[in-house]
Each structure stands twice: as C-alpha cells, then as structure tokens.
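To keep things clear, I will list the structure first and then write my remarks on it.
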Amino acid sequence: MPSQNQRNEDLKYMELAYHLALQAYAEGEIPVGAVVVAQNKIIAKAYNQTEKLQDVTAHAEMLAITAAANHLGSKYLTNCTFYVTLEPCVMCAGALAWSQIAKLVFATPDLHRGFSKYGHLLHPKTQIVSGIMQQEAETLLKKFFAEMREKN
C-alpha cells in the first residue's frame, strides 16, 4: 500500500497531466496528457498532438518519452515515473517497455485500446498504479467523444 506522501505526489503530477489533457481538448485533440518525473523533478510533459502534427504516433506518451530521453541523454527511463491520464495503447506501452520506465501511473483504463487488454506488455520491473483522478479523466474523454459524434 502506497504511503500518503506517495499518493499526494502521484496526485500532484496527475493534476498536471490532466491540465495538459485540457490543453489537448482545447486544441481539438483527444484529451490525454503525460508527465515524466525523475528525482521529484518534472523532466518532460506532453499532450496528444496527432491532429496538429498529422502524425498518428504523436500520442502524449510518445512525445513525453522522447522529451524525457532527450533531457536525460539516455534512451532508458529506469529511474522515472510516468503519469498519463489514459491507459497507454499497445504502441505507447511498447515504447514504455523499451524505455524500462520504473513506474507508470495512469488515471483511467482504456477498455477499447489499452495495453492491459493484451496482457502485460511493460517491462517486468515496471510498477503500475491506476485510478488517480480517474473520474476527471474519464469525464473529459467522454465529453470529447460525445462532442465529436455531434459534429459528425
């Protein structure tokens, strides 16, 4: 069971990821935000930009992994915690596995495209925590997709 301090820390960084998801939402992107933390310092943050960049790989996770690796000068994120508002897809989980991320914290599961639907794809040492700000992230995603359906 995580300590109260750890839960507070996870909440603090997930709140930042959620604000990045709100930024994605404001730009018409699927509202997902990600933050990478090493030694209690934010080393990378990103939000979905697949529409803006016209790049199907421009998920928040992929952009944050690249930024964190560039910051550290290493392809491995073995001492980092990754916060994201939606359970990563298979592509992003694969990238997180290759990065050997120490800990993954996600707000809400993705029942349709989340990696856990396909088994444990992350590095065997990666710790997984879910449910931090789940209601907020889920509500934002549902609002986004309802608005998209109304437009079409």
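- Note on L53 and V32: separate hydrophobic clusters, where clusters join Ile, Leu, Val, Met, Phe, Trp and Tyr whose side-chain heavy atoms are under 4.5 Å apart, directly or indirectly.
- For the atom pair L140 CG and M133 CE, the distance stands at 10.0 Å (nearest 0.5 Å).
- In this structure, NZ in K117 is found 10.5 Å from CD in E87, a value given to the nearest 0.5 Å.
- Looking only at side-chain heavy atoms (C-beta outward), V129 and L104 stay at 4.5 Å or farther from each other.
- A search for salt bridge (Lys or Arg N to Asp or Glu O under 4.0 Å) contacts involving E138 returns K142, not counting sequence neighbours.
- Looking at heavy atoms from C-beta onward, S99 lies out of side-chain contact with K75 at the 4.5 angstrom threshold.
- Here the rule is side chain to side chain contact (heavy atoms under 4.5 Å, CB included) with V105, and of T81, V84, I128 only T81 fits it.
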Practice problem: For side chain to side chain contact (heavy atoms under 4.5 Å, CB included), just list the numbers for K52 and Y47, CA-CA rounded to whole Å, side-chain angles, deciding distance to a tenth of an Å, and then say yes or no. | Solution: CA-CA 11 Å; K52 178 180 182 179; Y47 58 91; 4.2 Å; yes
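- Heavy atoms from other residues, nucleotides or ligands lying under 6.0 Å from CD of Q39 number 12 at most.
- No hydrogens or angles considered: nothing links the side chains of Q23 and Y18 as a donor-acceptor pair under 3.5 Å.
- Separation of atoms CG (N79) and OG (S74) is listed at 9.5 Å; rounding is to 0.5 Å.
- Between atom CG of residue L11 and atom CG of residue L16 there is a gap of 11.5 Å, rounded to the nearest 0.5 Å.
- Membership of the apolar cluster around M91 extends to M62, as traced through chained side-chain contacts below 4.5 Å between ILVMFWY residues.
- D55 contributes no side-chain N or O that, together with a main-chain N or O of T50, makes up a donor-acceptor pair within less than 3.5 Å.
- Within the 4.5 Å cutoff, the side chain of I43 has heavy atoms near those of the C80 side chain.
- Here the closest heavy-atom approach between residue A68 and residue L77 is recorded as CB-CD2, 3.9 Å.
- Listed by first and then second residue, the salt bridge (charged side-chain N to carboxylate O under 4.0 Å, His left out) pairs involving residues 88-110 are D10-K103 (not counting sequence neighbours).
- The minimum heavy-atom distance linking P88 with E61 is given by the pair CA-OE2, 3.4 Å.
- Remark: Q127 pairs with no residue by the side chain to side chain donor-acceptor pair (under 3.5 Å) rule, at least two apart or across chains.
- Sequence neighbours left out, not one pair with a member in residues 28-46 passes salt bridge (charged side-chain N to carboxylate O under 4.0 Å, His left out).
- One finds the CD atom of E136 at 10.5 Å from the CD1 atom of I132 (value rounded to the nearest 0.5 Å).
- Between the side chain of T85 and the backbone N or O of G33 there is at least one donor-acceptor pair closer than 3.5 Å.
- Between the side chain of N48 and the backbone N or O of P31 there is no donor-acceptor pair closer than 3.5 Å.
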Practice problem: Start with the C-alpha gap between Y25 and E147, add the side-chain angles, then the distance that decides, and say whether side chain to side chain contact (heavy atoms under 4.5 Å, CB included) holds. | Solution: CA-CA 11 Å; Y25 173 82; E147 290 172 1; 2.7 Å; yes
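- Residues E9 and N5 have side chains that never bring a donor and an acceptor to within less than 3.5 angstrom of each other.
- The heavy-atom pair separating A46 from L63 by the smallest distance is CB-CB, 3.6 Å.
- Side-chain atoms of H123 come within 3.5 Å of backbone atoms of K125 as a donor-acceptor pair (strictly under, hydrogens ignored).
- Between I65 and V36 the shortest side-chain heavy-atom distance does not fall below 4.5 Å.
- Judged purely by distance below 3.5 Å, without hydrogens or angles, the side chains of Q134 and S130 never pair a donor atom with an acceptor atom.
- Under a 3.5 Å cut-off, the side chain of Q54 and the backbone N or O of E51 do form a donor-acceptor pair.
- Sorted by first and then second residue, the pairs that involve residues 76-107 and meet ring pair (Phe, Tyr, Trp, His ring centres under 6.0 Å), not counting sequence neighbours, are Y13-Y83.
- Contact of the Q4 side chain with the N8 side chain is registered, since non-hydrogen atoms from C-beta on lie closer than 4.5 Å.
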